[in-house]
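Remember, it's 1-based here, ligands and their atoms both numbered in the order they're listed. Treat the numbers as computed from the prediction; the structure is a model and nothing was measured. Residue indices begin at 1 and follow the sequence shown.
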Amino acid sequence: MTPLLEASGLSLRFGAIRALDDVAIDVWPGEVLAIVGESGSGKSTLLRVLSGQQAAEAGTVRYDGADIRSLSEAALRRLSRSDWGFVHQNPRDGLRMAISAGGNIGERLMANGARHYGDIRAEALAWLSRVEIDPARIDALPRTFSGGMQQRLQIARTLVTRPRLVFMDEPTGGLDVSVQAKLLDMLRGLVRDLGLSVVIVTHDIAAARLLAHRIVVMRHGRVVEEGLTDRVLDDPQHPYTQLLVSSVLAA
Ligand SMILES: Nc1ncnc2c1ncn2[C@@H]1O[C@H](COP(=O)(O)OP(=O)(O)OP(=O)(O)O)[C@@H](O)[C@H]1O
Ligand SMILES: [Mg+2]
C-alpha cells in the first residue's frame, strides 16, 4: 500500500512568520488524520497547501502518486470537485447561501456530470435525511437553518459526490458543545460508512480522540509529534504535547 496523500519538506513564510517549516505528513487510504496545535501554529495553512489552494515555497504534495503542482489548473479543479472535499469551519465558506439546501447538494452532483433532475432531487432528499435535516426543507435557503444544520448541509454537499479524501478545518468550531457532540458522532459514522480518508484540523483533543487514527501535533509551523491517537494522547513525548493534553485534562 502507498499513501493517498504524501507531503514532504513543506515550507511557507508570511514575512517573518514561518507558517510551515519543513512539514512532512502522509495520509493512508481510509485513514483519519487529526492535526492539532495552538492558534497560529500553521494548521489551516497546511490544509490549504495540501489541498492545492495555496502553493508552498518549498516541498511537494503528492496525491495518488502525482505531484499536485504538476497538474494543470483544470485537472486540479476537477480533483477538487470529485476526489476531494473540503469542509470549512464557517459553513458560509462552503455553502452557497443564495440557493436552496437541495440546490447546494445538487450543484456538486451537476458539477460531476449529473443531469437528470429527478435523480438529483432524489439524491439530495436522501442526503438531507442522512445528515438529519428534515427533507421537507429541501427548498429552503441555508440562512434559515441553524448553525448545526448549516454545517450538516455543508457535509452533505461535500460528501454527495463520494470524495476519497476530505479536508476539514475545525468543522465543529463555531457550534455549541452539545451540537458539536452530535455532529462529531455523525461525522464518525459517515467516515466509517464511506471509507473516507480525512485530514481534520481541530483544537478539540476529544474530537481527535473520537475520530482520528493518527494525530499530528504542530507548533510554530513544525510537526513536533505524531503517532497513533492513543499513543500520542496517553503517552505524549514532546513537552508541548504533554502541555496540550494536560491542559485539556485540567479544563
Ligand atoms: N495570508 C496570510 N498572510 C499573512 N500571514 C498569514 C496568512 N495566512 C496565515 N498567516 C500566518 O501564518 C501563521 C499560521 O496561520 P494559520 O491560519 O495556518 O494558523 P492555525 O493553526 O490555523 O490557527 P487557528 O487555530 O487560529 O486557526 C499565523 O501566524 C498567521 O498569522
Ligand atoms: Mg486555522
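Among all non-hydrogen protein atoms, the one lying nearest atom 27 (O) of ligand 1 is Ser44 OG, 3.9 Å. At the shortest separation from atom 6 (C) of ligand 1 among protein heavy atoms lies Phe14 CD1, 3.2 Å. Summary of contacts: the protein heavy atom closest to atom 15 (O) of ligand 1 is Thr45 OG1, 3.7 Å. The closest protein non-hydrogen atom to atom 26 (O) of ligand 1 is Ser39 OG, 2.5 Å.
For the Mg ion (ligand 2), the set of nearby N, O or S atoms under 2.8 Å includes one belonging to Ser44.
Remark: the backbone N or O of Ser100 is paired with a side-chain donor or acceptor of Asn104 at under 3.5 angstrom. A donor-acceptor pair is defined here as one N or O able to donate and one able to accept, closer than 3.5 Å; such a pair exists between the side chain of Glu57 and the backbone of Arg13.
In His203, the part holding a heavy atom less than 4.0 Å from any atom of ligand 1 is the side chain.
Between Arg188 and Asp185 a salt bridge is recorded (basic side-chain N to carboxylate O distance below 4.0 Å). Salt-bridge check for Arg96 with Glu107: passed, with a basic side-chain N closer than 4.0 Å to an acidic carboxylate O. A salt bridge between Asp26 and Arg214 is absent, with no side-chain N of the basic residue lying under 4.0 Å from a carboxylate O of the acidic one. Ionic pairing of Asp169 and Arg48 is not present here: no N-O contact between side-chain nitrogen and carboxylate oxygen is shorter than 4.0 angstrom. Taking 4.0 Å as the cut-off between side-chain N and carboxylate O, Arg78 and Asp83 do not count as a salt-bridged pair.
Every atom of ligand 1 with a heavy atom of Ser41 under 4.0 Å away is listed here by number and element: 19 (O), 21 (O). Near Arg48, the atoms of ligand 1 lying under 4.0 angstrom from a non-hydrogen atom of the residue are 8 (N).
With a 4.5 Å cut-off on side-chain heavy atoms, Val199 and Met168 do not count as touching.
When only modelled atom types and interatomic distance are considered, His88 and Gln154 share no side-chain donor-acceptor pair under 3.5 Å.
Under a 4.0 angstrom heavy-atom cut-off, Glu38 registers as being in contact with ligand 1.
Where the criterion is an N or O separation shorter than 3.5 Å, residue side chain and backbone included, Gly42 meets it with respect to ligand 1.
With distances taken over non-hydrogen atoms, the option nearest atom 20 (P) of ligand 1 out of Gly40, Ala19, Gly37 is Gly40. The option from Lys43, Arg219, His220 that lies nearest to atom 21 (O) of ligand 1, judged by heavy atoms, is Lys43.
Note that atom 30 (C) of ligand 1 has no protein non-hydrogen atoms nearby, at separations under 4.0 angstrom.
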